[in-house]
Enquirer: 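Quick one: structure below, then a few questions.
Ligands are counted one by one from 1 in listed order, and the atoms in each one are counted from 1 as well. Note that these values count all heavy atoms, side chains included, but never hydrogens, waters or copies made by symmetry.
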Amino acid sequence: MSTPKRTYHLSAEEAAEVENLTLRIAKEYTGPEDEQLLRDLPLLATELPVGQRRFLRDFALEDELGYCVVRGHVFDDARIGPTPQHWRGRPTPTPEFAEEILLLLHGSLLGEPFGWKTQQDARLVHDIFPIKGFETEQMGIGSTDTLTLHTEDAFHPWRADYLLLECLRNPDGIATIVSEPDLKLLAPEHLELLHEPNFLIRPDDSHLAKHNVTLGVDAEFSEIDEMKADDNRVAVLYGSRKHPYLRLDPYFMETPKDPAAAAALNAVNELLEASCLDVALEPGDVLIINNHRLAHGRQAFQARYDGTDRWLKRVSITTDLRKSHERRASATARLI
Ligand SMILES: O=C(O)CCC(=O)C(=O)O
Ligand SMILES: [Fe+2]
């Protein structure tokens, strides 16, 4: 088997082709939550360059790497306008609808996009930029504190299989932190304990009612509150013993009372920290995170708040929409 590839760099011709494609699609649909767009995504994605599609398919099927990058997309920076002050109150569609489509097209090669009723007012495609007053928060909208390593929505059984981040702007080269630990380096007794349900992972703050418009979503926020208080212990490692998957969010985890389990958690956290790399996304990059293998975070930075701030788009992808059917409004609804 060949070595898995980390980066796909679009040629100038491919980049122009993809830009034309997304601009065309943006004229045909009303916004990223257009039901018909979501139905059509896999059909539209067949118009992406074959090399790009093959690269993503290899990444998904080989299930070896924690992340990969598709680099070299182009778009008109003037069209998308200044980095907004807040994700609330934006027009539909936004001036960057074509870029949201680009992210969704990538996602549709990996699975189905979904969102949370309890996050960013239930929007499907999220904005990640610094927001005034939230500098020290452990959320995408924070800035001055390092966003500590985490699995996306680690607390939730229906968390994403893939998390996609697309860079629109990053003038200071602020890095996303990635950590893909070689779990074989852990001691056998630690591995054993990490594979058992010894660990409590609490919901992160982005799911709190205070950060969302809560109208009609009371039941979901109550459930998040329950998850903040219950005693539902889970394993940090799962799947194949040879090449386990990983699920954790140390900032929102409790230290287990059992000293042996606490030592095991400490060992995996130290390994994660020792395995960190910086990936500074450039405009036109799409970072694809395998949320079963990679822990990610973000370096601390000083926000500018002048319309030129770092700006990413984010979407969660599931390979199995069916598993959350009971909690979605219909088979085709995207919100959990
Ligand atoms: O800003 C980043 O690079 C990553 C933020 C993050 O963890 C997320 O959006 O899930
Ligand atoms: Fe994250």
Enquirer: Would you mind listing which atoms of ligand 1 come within a distance below 4.0 Å of any non-hydrogen atom of Glu152?
Expert: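 The atoms of ligand 1 under 4.0 Å from a heavy atom of Glu152 are 10 (O).
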Enquirer: Do you know which of Arg328, Arg322, Arg327 makes side-chain hydrogen bond (donor to acceptor under 3.5 Å, both in side chains) with Ser324?
Expert: Arg328
Enquirer: May I ask you to decide if the ring planes of Tyr8 and Phe55 are parallel, tilted or perpendicular, using 30° and 60° as cut-offs?
Expert: tilted
Enquirer: Please report which non-hydrogen protein atom sits nearest to atom 1 (O) of ligand 1, along with the residue it belongs to and the distance in Å to one decimal place.
Expert: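 Here the closest protein heavy atom is Arg310 NH1, 2.8 Å.
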Enquirer: Counting each atom of ligand 1 from 1 as listed, which ones have a heavy atom of Ile128 under 4.0 Å away?
Expert: 1 (O), 9 (O)
Enquirer: More than 12 heavy atoms of other residues, nucleotides or ligands under 6.0 Å from CD of Glu196: yes or no?
Expert: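 Buried by this count: over 12 neighbours within 6.0 Å.
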Enquirer: Inspect the contact between Arg169 and Glu96 and indicate whether a charged nitrogen and a carboxylate oxygen are less than 4.0 angstrom apart.
Expert: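 Between Arg169 and Glu96 there is no salt bridge, as every charged N stays at least 4.0 Å from the carboxylate O atoms.
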Enquirer: Going through the distances and angles, do Phe134 and His211 end up as a ring-ring contact (aromatic ring centres under 6.0 Å, His included)?
Expert: CA-CA 10 Å; Phe134 295 89; His211 294 306; 5.7 Å; yes
Enquirer: Check the surroundings of atom CD in Glu189: do more than 12 heavy atoms from other residues, nucleotides or ligands lie under 6.0 Å from it?
Expert: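 Yes, CD of Glu189 has more than 12 neighbouring heavy atoms, counting only those of other groups under 6.0 Å.
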Enquirer: Do me a favour and list the nearest non-hydrogen protein atom to atom 8 (C) of ligand 1 with residue, atom name and distance?
Expert: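 Of the protein heavy atoms, Arg314 NH1, 3.2 Å lies nearest.
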Enquirer: Going by side-chain heavy atoms closer than 4.5 Å, which hydrophobic residues are tied to Tyr251, directly or by a chain of links?
Expert: Phe252
Enquirer: Please list, in number order, the atoms of ligand 1 under 4.0 Å from a heavy atom of Thr176.
Expert: 2 (C), 3 (O)
Enquirer: Answer yes or no: is there an ion pair linking Glu223 with Lys117, defined by an N-O contact shorter than 4.0 Å?
Expert: no
Enquirer: Could you tell me which N, O or S atom of Glu152 is nearest to the Fe ion (ligand 2)?
Expert: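 Closest to the Fe ion (ligand 2) among those atoms: OE1.
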Enquirer: At the 4.0 Å heavy-atom cut-off, does Leu163 count as touching ligand 1?
Expert: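 Contact present.
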Enquirer: Which part of His296 is near ligand 1, with near meaning a heavy atom under 4.0 Å away: side chain, backbone, both or neither?
Expert: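 Only the side chain of His296 comes within reach of ligand 1.
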Enquirer: Any idea which protein heavy atom is nearest atom 5 (C) of ligand 1, and the distance to it?
Expert: Leu147 CD2, 3.6 Å
Enquirer: Would you say Arg298 and ligand 1 have an N/O pair spaced under 3.5 Å apart?
Expert: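 For ligand 1, there is no N or O atom that lies under 3.5 Å from one belonging to Arg298.
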Enquirer: Does only the side chain of Leu312 get under 4.0 Å from ligand 1, or the backbone, or both, or neither? Count heavy atoms.
Expert: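 Contact part for Leu312 vs ligand 1: side chain (C-beta onward).
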